[in-house]
4 protein chains.
Amino acid sequence: MTELAYDARTTALLVIDPYNDFISEGGTLWKRVKEVAEANNCVPHMKEVLDAARQAGLPVSYALHRRYRPGDYESWQYIAPIQKAAWQHKSFEYGTWRGEIRTGFEPLPGDVVASEHWCSSGFANTDLDLLLKRHGIRRVILIGLLANTCVEATARFAAELGYDVTVVSDAVASFTQAEMHAAFDINLPKYASAIAATSEILDALGT
Amino acid sequence: MTELAYDARTTALLVIDPYNDFISEGGTLWKRVKEVAEANNCVPHMKEVLDAARQAGLPVSYALHRRYRPGDYESWQYIAPIQKAAWQHKSFEYGTWRGEIRTGFEPLPGDVVASEHWCSSGFANTDLDLLLKRHGIRRVILIGLLANTCVEATARFAAELGYDVTVVSDAVASFTQAEMHAAFDINLPKYASAIAATSEILDALGT
Amino acid sequence: MTELAYDARTTALLVIDPYNDFISEGGTLWKRVKEVAEANNCVPHMKEVLDAARQAGLPVSYALHRRYRPGDYESWQYIAPIQKAAWQHKSFEYGTWRGEIRTGFEPLPGDVVASEHWCSSGFANTDLDLLLKRHGIRRVILIGLLANTCVEATARFAAELGYDVTVVSDAVASFTQAEMHAAFDINLPKYASAIAATSEILDALGT
Amino acid sequence: MTELAYDARTTALLVIDPYNDFISEGGTLWKRVKEVAEANNCVPHMKEVLDAARQAGLPVSYALHRRYRPGDYESWQYIAPIQKAAWQHKSFEYGTWRGEIRTGFEPLPGDVVASEHWCSSGFANTDLDLLLKRHGIRRVILIGLLANTCVEATARFAAELGYDVTVVSDAVASFTQAEMHAAFDINLPKYASAIAATSEILDALGT
């Protein structure tokens, strides 16, 4: 791999779904994520990368899944299985602790917070591409969850839309190691120009 | 014009920006809209079409402009003039009466309320297309404001994306008659397959 | 799984990249695909599904990868690894046999042939969504290559855009069984509401 | 207006529909454009801006309308009036002189030639946004036809997608002065941050 280097004028950190439901003790989905997330120290790494990005002056952006609200899906004529599951589990339920962003990961004034996405890609049916463009962003560094759904989907869409993509492998988690393998060993190497560890990203950001 | 007819399974009413700021006495933008809006009885017509659509069982959808929040534009590197104006006037300011939907026009449970748009088209950078698709909608009937900006932009995008478009000419207003002329006589006839009066729409909806 | 049933008025077959390069003896990529493709009888199955769809009156649509032309990538400032590979291998080179559609799989008059895609999704930066909408299509049945890149990407985008997705598991191939596993066992079950064998599709199409 | 200045690393010229049909003596549409186009010397100005852009090292990009092919619209269930007209007139018919780019305006190797658009916007359902991003483009300078359809639509979409827009007023034409007025006096000032004459653009490009 060529040495990593990021220009704060054109690179944004993109934090994916840092909801309590996913990454806080007590979250419904945390129970399913915990084993993989603790194995690679995902949450502390996410925090380290976030802090480093802020210190280095990189714009910080958020891709957030639709927080469940009653009535969201009842009238849909077709629904993808992943959306049926979000409906069933009331994932990231709006107005509840589960739908709040974990303490320490909250957006600050000036951050880019895209409108919520309904499926997996932070770019699909949202204003993320517009807001990144308005800030001059051409490269994105991805952290968050889940490896093979929202993270991979966002990486795939980013590449399709013309962004350069880095994914931080130990600041990402999923339900199973098989999903991590599918994302990091099979698919992401085709769409991300760099897959790096937190330590490498901290080095590259000079923090 | 061929006789108008709409199938409630595939046609949605699309209400554009029914904010107090635009269509209620006391709104900042109402002052600028009032003369044109009163000339064609725009607001009562909007209400008649909305009620008729609900009675006829048409899905009702909303395209809503970004309600101004502090920090929205400060970090943008380029900004369109129409967005600079929205910034300056704090249009539809979030958390204020001006950013609330006028009484009688509020979404009901089951309506499609798209994420807010940043410029003029209700489709650009929002989930409107997705939500219409999930409800089987292929044709849209447009009412609301402003004729040559949000209404025309939404009509243009709808046509580009493959929807059949009707615009209700006397349930739309703008700042000037010159703008109404540009929208209804010059541009919309190219993108909308029907431009009809409220009375014709009420007939077509059988109410 | 609920029994499969498709309405020819709202369902299209979507054939992905049936180029000689991929699925004909002598193709550069065929060498890498052959073992997996022969194991599940992919190419004959693709042909059976295509013929059955035509016989059942389903609209047939094509998602085709950019056929390499000199100068395609030289001036790009960032490029995804999968695009760098397409550049290096001159995949589906325009004007050559490798960039032609395999005999027996050619589009017929009236088929939907989308503009070429640059990365993996048949929907990204193309007119596929528009053309499907203009034909009233709401559901797509996917066959073709490669399982975890173009097929999965197109399935993911289809779900994000609001389409119902079926993937025909033995009318899809890839370079390795690990890729097939990642696509069919890990990711596609989240985005496709049905994953079916050719025989099941033929039954559902009544042919 | 602030003084115009363009950075060749981030600004592209975007030439819209320079087909013989539109801008060459003998074109079907030229007959309808001629009076307006000759009044502002549109075609020579287009050529001056194109040459100046090339000399200044600006990337040159093309937004091209679908060249009519038999079978294009027969199976569409809904069609916008402007598309019905294109069908009727076989506008820019593929394989004919009318569908060729006027001599002197042809793309050169290295130019960005987007896939053809089906309605008016050069961005809708094409790869224009992707290709501009891959070249680092954030600002576009528009020339070509028609003022209130393809030029205005492309300007509106560019602003919606996050690009900074300049339109060259005397390198654009339309069928009527009323259309020119609607575009240049009513609508474009809301979406384009600059509307400038050819002479001003030549000055800004330093040629």
Side-chain angles (χ1 to χ4, degrees), chain B residues 1 10-11 76-86 117-126 129 138-140 146-150 152-166 174-195, chain D residues 1 10-11 76-86 117-126 129 138-140 146-150 152-166 174-195:
Chain B
M1 185 183 301
T10 55
T11 311
W76 287 25
Q77 297 179 2
Y78 299 105
I79 183 167
I82 196 170
Q83 294 168 322
K84 204 181 284 182
H117 55 269
W118 283 92
C119 188
S120 292
S121 166
F123 287 96
N125 313 300
T126 75
D129 179 54
R138 308 190 52 211
R139 309 179 70 193
V140 285
L146 295 175
N148 65 314
T149 55
C150 289
E152 183 178 324
T154 303
R156 284 176 179 259
F157 271 67
E160 296 275 5
L161 296 179
Y163 292 92
D164 181 69
V165 179
T166 293
S174 198
F175 294 150
T176 67
Q177 293 295 355
E179 289 173 354
M180 291 292 277
H181 171 69
F184 283 101
D185 302 323
I186 305 286
N187 290 331
L188 286 172
K190 299 190 186 312
Y191 302 100
S193 59
I195 296 175
Chain D
M1 184 183 300
T10 54
T11 310
W76 287 27
Q77 298 179 1
Y78 299 105
I79 183 166
I82 196 169
Q83 292 168 324
K84 204 179 286 184
H117 54 269
W118 283 91
C119 186
S120 292
S121 167
F123 288 96
N125 313 300
T126 74
D129 179 54
R138 308 190 52 210
R139 310 178 69 191
V140 285
L146 295 173
N148 65 315
T149 55
C150 289
E152 184 178 323
T154 303
R156 284 176 179 259
F157 270 67
E160 296 276 5
L161 296 180
Y163 292 91
D164 182 70
V165 179
T166 293
S174 198
F175 294 150
T176 68
Q177 292 295 355
E179 290 173 353
M180 291 291 278
H181 172 69
F184 282 101
D185 301 323
I186 306 286
N187 290 331
L188 285 173
K190 300 191 186 311
Y191 303 100
S193 59
I195 296 175

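Between B/Ala80 and D/Ala159, the shortest heavy-atom distance links the atoms CB-CB, 4.2 Å. The minimum heavy-atom distance linking D/Arg156 with B/Thr149 is given by the pair NH1-O, 3.7 Å. Nearest heavy-atom pair across D/Tyr191 and B/Asn148 is OH-O, 4.4 Å.
Heavy atoms closer than 4.5 Å to chain B are found in both the backbone and the side chain of D/Ser120. Proximity to chain D is absent for every atom of B/Thr176, based on heavy atoms less than 4.5 angstrom apart. Using a 4.5 Å cut-off between heavy atoms, D/Ala192 touches chain B through its backbone atoms (N, CA, C, O) alone.
Separation of atoms CD1 (B/Ile186) and NE2 (D/His181) is listed at 8.5 Å; rounding is to 0.5 Å. Going from atom CD of D/Gln83 over to atom OG of B/Ser193 covers 11.0 Å, rounded to the nearest 0.5 Å. In this structure, OH in B/Tyr78 is found 4.5 Å from CZ in D/Arg139, a value given to the nearest 0.5 Å.
Partners of D/Asn125 according to the side-chain hydrogen bond (donor to acceptor under 3.5 Å, both in side chains) rule, which considers only residues two or more places apart in sequence or in another chain, do not exist here.
Side-chain contact check for B/Glu152 versus D/Glu152: some heavy-atom pair is nearer than 4.5 Å.
Ranking D/Asp185, D/Leu161, D/Asn187, D/Ile79 against chain B, the residue ahead of the rest is D/Asn187, based on heavy-atom pairs under 4.5 Å.
Screening D/Phe157, D/Phe123, D/Trp118 against B/Glu160 for a side chain to side chain contact (heavy atoms under 4.5 Å, CB included) leaves a single residue, D/Phe157.
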